[in-house]
Amino acid sequence: MVAKLFQRLNQIWRIIATGFCFAVFGVGGVVLTLLVLPLQRVLEPCKHKQKQKARITVHYSFKFFVALMHYMGVIHFSVEDKQRFSQLKGQLVLANHPSLIDVVVLISVIKHADCLVKAHLFKNPFMRGVIKGTGYISNEDPQELLNECEASLAAGNNLIIFPEGTRTTPGDPLKFKRGAANIAARCKAPITSVMINMKPSTLTKDTPWYRVAPTKAHFTMRFAKHAFTGDKFYNNEQPAMQARQLTRDLQHYFSEELRHQ
Ligand SMILES: CCCCCCCCCCCCCCCC(=O)OC[C@@H](O)COP(=O)(O)O
């Protein structure tokens, strides 16, 4: 009885705190767009360095945001091997995508992160300015995005892609699109696979933010044990074939790994 009451009160608290955190996110987006990034552009004339600085700013903003959610008791975050995340270089970072917050946690621990972004987010007034300022890559034009991904990886950035292309539907099997493997095969990029788990599910696709989980959700993130960087995929002459095979392998591997969590 008392336990039930506490659970209900905790749930109400998490609704209020989630709303507050998202408001901070929106205000943060506006402040970065109208104040911080323009100031950085004035102080730094080199376009390339401007983007780098914008990315570092987002990295620290997201660190702050994850800490805010964690300490307000919205979600419990735990990331294994933080040191290894911060040392990644020139990796294609592939992760499953259970929740809205995945990319935020990834960018908060990965230095020099680049990111493939859904084209429609370039229209979001709170995010547009920041996404443009950082030079994150839009998924709008497939040919252009391949060139941009190649250039980004060659420059030593860690390019984050969710092979599902959208958040996982809870209860459904993982379904990877071929885009990420295409990029891997054509750019011959080393792959770092990251496993994300959110239990109980929250901030999922088709659930509004205020429909919080019955109990506090735990977010965990870790490296996959198996490395997909391999001659196996890159020796073959037809990238399209390699991409098909790699997509199957990745999807199978991720599904198996996540089943045991
Ligand atoms: C303090 C906080 C400061 C906030 C600054 C605002 C920064 C905005 C940068 C946003 C970078 C966004 C990268 C998004 C990558 C992406 O495209 O993810 C899409 C999915 O996830 C959601 O897909 P879906 O499940 O289909 O809704």
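Start at 1 and go down the list; that is how both ligands and their atoms are numbered. Every value quoted in this text rests on a predicted model; they were computed, and no experiment measured them.
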Distance in Å, Ile160 CD1 paired with Cys115 SG, rounded so as to fall on 0.5 Å steps: 5.5 Å

Could you check atom 17 (O) of ligand 1 against the protein and tell me its nearest heavy-atom contact, residue, atom and distance included? Lys118 N, 2.9 Å

For atom CZ of Phe122, decide whether the heavy atoms of other residues, nucleotides or ligands shown that lie under 6.0 angstrom number more than 12. yes

Any chance NZ of Lys216 has more than 12 other-residue heavy atoms, nucleotides or ligands included, within less than 6.0 Å? yes

Pick out which of Asn157, Asn158, Ile191, Val194 makes a side-chain contact (heavy atoms from CB on, under 4.5 Å) with Gln91. Asn158

With heavy-atom distances below 4.0 Å as the criterion, list the atoms of ligand 1 near Val130. 7 (C)

Examine ligand 1 and decide if any of its atoms is less than 4.0 Å from a heavy atom belonging to Leu121. yes

At a 4.0 Å threshold, what atoms of ligand 1 neighbour a non-hydrogen atom of Thr166? 24 (P), 25 (O), 26 (O)

Evaluate the salt bridge (charged side-chain N to carboxylate O under 4.0 Å, His left out) criterion for residues Lys188 and Glu150: first the C-alpha distance (whole Å), next the side-chain angles of each, then the deciding distance (0.1 Å), finally the verdict. CA-CA 9 Å; Lys188 300 199 180 345; Glu150 196 156 20; over 6 Å; no

Around Lys111, counting heavy atoms of other residues, nucleotides and ligands shown, do more than 12 lie under 6.0 Å from its NZ? no

Validation row, ring centre Phe126 to ring centre Phe25 under 6.0 Å: no

I need the nearest protein heavy-atom contact for atom 11 (C) of ligand 1: residue, atom name and distance, please. Tyr136 CE1, 4.1 Å

of all protein heavy atoms, closest to atom 1 (C) of ligand 1 is Ser61 O, 3.9 Å

Closest to atom 2 (C) of ligand 1 (heavy atoms only, candidates Phe25, Phe22, Phe162) is Phe25

One residue to check: Arg167. Relative to ligand 1, which of side chain, backbone, both or neither has a non-hydrogen atom less than 4.0 Å away? both

Does Thr57 form a side chain to side chain donor-acceptor pair (under 3.5 Å) with Gln40? I'd like the steps, not just the answer. CA-CA 10 Å; Thr57 306; Gln40 283 178 341; 2.7 Å; yes

What residue and heavy atom of the protein are closest to atom 22 (C) of ligand 1, and at what distance? His97 NE2, 3.9 Å

Check each atom of ligand 1 against the heavy atoms of Lys205 and keep those under 4.0 Å away; list them by number with element. 26 (O)

Heavy-atom distance to atom 13 (C) of ligand 1: which of Val117, Ile161, Asp206 wins? Val117

What is the closest protein heavy atom to atom 9 (C) of ligand 1, and at what distance does it sit? Phe62 CZ, 4.0 Å

